[in-house]
Structures are given as C-alpha cells and as structure tokens.
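The block underneath contains the structure these notes are about, expressed in structure tokens.
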Amino acid sequence: MSTRPKKALMQQAIELALEGVRGNQGGPFGALVVKDGVVVGRGVNRVTSTLDPTAHAEVVAIREACQASKSFTLAGCELYTTCEPCPMCLAAAYWARVERVVYACDRADAARAGFDDDVFYHEFEKPPAERKLALVQLARSEALAVFQAWLDKPDRVPY
C-alpha cells in the first residue's frame with residue numbers, strides 16, 4: 001500500500017459529505033475505507049436521518065467495508081475522513097484494525113461548526129468517578145462466568 005495519502009480520495013470523501021448535507025442525511029461528514037487504492041466502503045453521517053447516534057460517517061464506512069470484504073477486520077486499509085475522528089470513530093478504526101486514518105479538518109474546526117468532540121476527549125482523560133456519565137459496576141462475579149464460557153469455547157473466533 002502506498003504510504004502517501006491521495007488527495008483525490010480525500011476529495012471523494014468531501015464530495016460525499018456535501019451530498020449528505022444537501023440530502024439532509026445528517027451532519028457534514030464523509031468517509032471512505034480504501035484498500036490498495038480501491039474504495040471498499042463509503043459513509044456519510046446518518047445520525048439524524050436514521051435516529052442512530054452511532055451512525056457517524058466513519059462507522060458507516062467501516063460497516064460497509066467489512067460487509068464487502070466479509071471480514072470484521074480491515075487490516076491493510078486506510079480510512080479517509082473529512083474530519084478528525086471523534087473518540088467513538090477512532091475506537092472503531094482501532095477495532096477494525098485500520099492501518100491509517102487520513103483526515104481533513106480537525107476537532108477545532110468541528111467545534112466551530114457546532115460539533116464539540118473535544119468535550120469527549122476531555123471526559124475520557126478524567127478518572128471514571130469524575131466524568132459526567134456515571135459508571136456503576138454491578139454483578140461482576142456473576143458476569144465473569146460469561147468470559148469463562150468464552151474462554152472455554154473451543155470454536156471461538158478471536159478478535
């Protein structure tokens with residue numbers, strides 16, 4: 001895979017984002033998953049049109065690419081996105097084993113447009129007890145049985 005980002009691919013992501021805005025699909029974001037120079041997944045923000053807060057452009061593109069490749073990993077792929085990924089999308093890229101993320105605008109640009117992803121980055125830096133969203137642990141010992149069942153499963157698919 002080429003180590004140089006391709007401006008034409010980013011331009012495709014930007015055009016996709018503009019189509020999404022004009023089509024009232026969601027926020028102003030577009031993303032492509034690319035393998036060996038070929039687009040294998042496309043995504044536009046669909047949060048408001050699908051009433052799904054996880055339907056960010058990057059997640060939509062990753063889902064499409066995984067379906068197309070019939071794999072839950074995207075090793076050897078690059079993610080082109082019109083904006084620096086929010087923490088959820090960045091985590092999705094890690095989980096998908098994307099090789100590299102190439103982005104256009106950054107989180108400060110997103111904040112100026114009303115998308116303050118930086119709030120989440122700052123929240124995750126805090127100890128769990130200091131975060132706005134309460135995290136309450138319950139029934140750990142009982143739930144550990146599920147992990148043991150997983151570990152005991154001879155045909156499990158590791159990821």
Side-chain angles (χ1 to χ4, degrees), residues 1-137 157-159:
M1 174 174 297
S2 170
T3 58
R4 287 188 34 211
K6 305 284 191 284
K7 192 167 182 181
L9 290 167
M10 184 58 76
Q11 190 58 45
Q12 284 182 45
I14 292 167
E15 290 168 13
L16 190 62
L18 281 170
E19 289 172 20
V21 169
R22 292 178 181 139
N24 294 319
Q25 294 182 40
F29 306 97
L32 303 174
V33 174
V34 178
K35 178 147 183 140
D36 299 325
V38 176
V39 175
V40 295
R42 291 173 174 76
V44 63
N45 184 286
R46 297 179 186 272
V47 170
T48 58
S49 63
T50 62
L51 306 177
D52 178 356
T54 68
H56 290 201
E58 298 91 337
V59 172
V60 172
I62 288 169
R63 289 174 180 162
E64 185 176 289
C66 286
Q67 291 297 306
S69 67
K70 299 185 183 342
S71 175
F72 56 85
T73 65
L74 298 172
C77 291
E78 296 176 317
L79 176 63
Y80 284 76
T81 179
T82 57
C83 190
E84 179 181 3
C86 74
M88 177 185 69
C89 294
L90 187 58
Y94 272 103
W95 276 112
R97 311 301 195 262
V98 169
E99 184 174 302
R100 175 170 41 175
V101 175
V102 180
Y103 64 92
C105 297
D106 62 22
R107 65 179 93 161
D109 298 319
R112 284 189 289 277
F115 298 91
D116 199 0
D117 301 353
D118 213 29
V119 169
F120 297 113
Y121 281 100
H122 290 299
E123 275 291 297
F124 296 145
E125 291 172 356
K126 297 177 185 176
E130 295 178 19
R131 295 179 188 163
K132 292 178 185 176
L133 178 63
L135 297 174
V136 180
Q137 189 172 23
V157 177
Y159 61 99

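None of these values were measured; they are calculated from a predicted model. Note that these values count all heavy atoms, side chains included, but never hydrogens, waters or copies made by symmetry.
Residue Phe72 qualifies as enclosed at atom CZ: its count of foreign heavy atoms under 6.0 Å is above 12. No more than 12 heavy atoms of other residues, nucleotides or ligands shown are found within 6.0 angstrom of NZ on Lys132. Heavy atoms from other residues, nucleotides or ligands lying under 6.0 Å from OH of Tyr121 number more than 12.
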Can you list the steps and then say if Lys35 with Val33 is a side-chain contact (heavy atoms from CB on, under 4.5 Å)? CA-CA 7 Å; Lys35 178 147 183 140; Val33 174; over 6 Å; no
Pair Arg42, Leu16 - check side-chain contact (heavy atoms from CB on, under 4.5 Å), show working. CA-CA 8 Å; Arg42 291 173 174 76; Leu16 190 62; 3.9 Å; yes
Evaluate side-chain contact (heavy atoms from CB on, under 4.5 Å) for His56 paired with Val47, printing each intermediate quantity in order. CA-CA 6 Å; His56 290 201; Val47 170; 3.6 Å; yes
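Between Glu19 and Arg22, the closest side-chain pair of non-hydrogen atoms is not below 4.5 Å. Considering only heavy atoms from C-beta on, Phe120 stays 4.5 Å or farther from Met88 through its side chain. Using a 4.5 Å heavy-atom cutoff, the side chains of Asn24 and Ser49 are not in contact. Using a 4.5 Å heavy-atom threshold, the side chains of Val60 and Val44 count as separate. Using a 4.5 Å heavy-atom threshold, the side chains of Met10 and Val102 count as touching. Contact annotation: the side chain of Pro87 approaches that of Phe124 to within less than 4.5 Å [non-hydrogen atoms, C-beta and beyond].
The minimum heavy-atom distance linking Pro128 with Leu135 is given by the pair CB-CD1, 3.9 Å. Considering every non-hydrogen atom in both Val59 and Ala92, the closest pair reads CG2-CB, 4.2 Å. The two residues Gly76 and Glu99 have their closest heavy-atom pair at CA-OE1, 3.6 Å. Contact record, Ala61 with Ala31: CB-O, 3.8 Å, taken as the closest heavy-atom pair. Between Ser69 and Leu74, the shortest heavy-atom distance links the atoms OG-CD2, 4.0 Å. When every heavy atom of Cys89 is checked against every heavy atom of Glu58, the shortest pair comes out as SG-OE1, 3.3 Å.
Atom-to-atom distance recorded for Arg112:CZ and Asp109:CG is 4.5 Å, nearest 0.5 angstrom. Cys83 SG to Phe115 CZ: the interatomic distance, rounded to the nearest 0.5 Å, is 9.0 Å. Atom CG of Leu133 sits about 11.5 Å away from atom NZ of Lys126, to the nearest 0.5 Å. To the nearest 0.5 Å, the span separating CD1 on Ile62 from CZ on Arg97 amounts to 12.0 Å. Taking CD1 from Ile14 and OG1 from Thr81, the interatomic distance works out to 10.0 Å, rounded to the nearest 0.5 Å. Rounding to the nearest 0.5 Å places OH of Tyr103 at 4.5 Å from CD of Glu84.
No side-chain donor-acceptor contact under 3.5 Å links Tyr159 to the backbone of Thr73. Between the side chain of Thr82 and the backbone N or O of Gly30 there is at least one donor-acceptor pair closer than 3.5 Å. A donor-acceptor pair under 3.5 Å is formed between the side chain of Arg131 and the backbone N or O of Glu123. Of the possible donor and acceptor atoms, none in the side chain of Glu78 sits under 3.5 Å from a partner among the backbone N and O of Arg100.
For the side-chain hydrogen bond (donor to acceptor under 3.5 Å, both in side chains) criterion with Arg107, the lone passing option out of Asp117, Asp116, Asp118 is Asp118.
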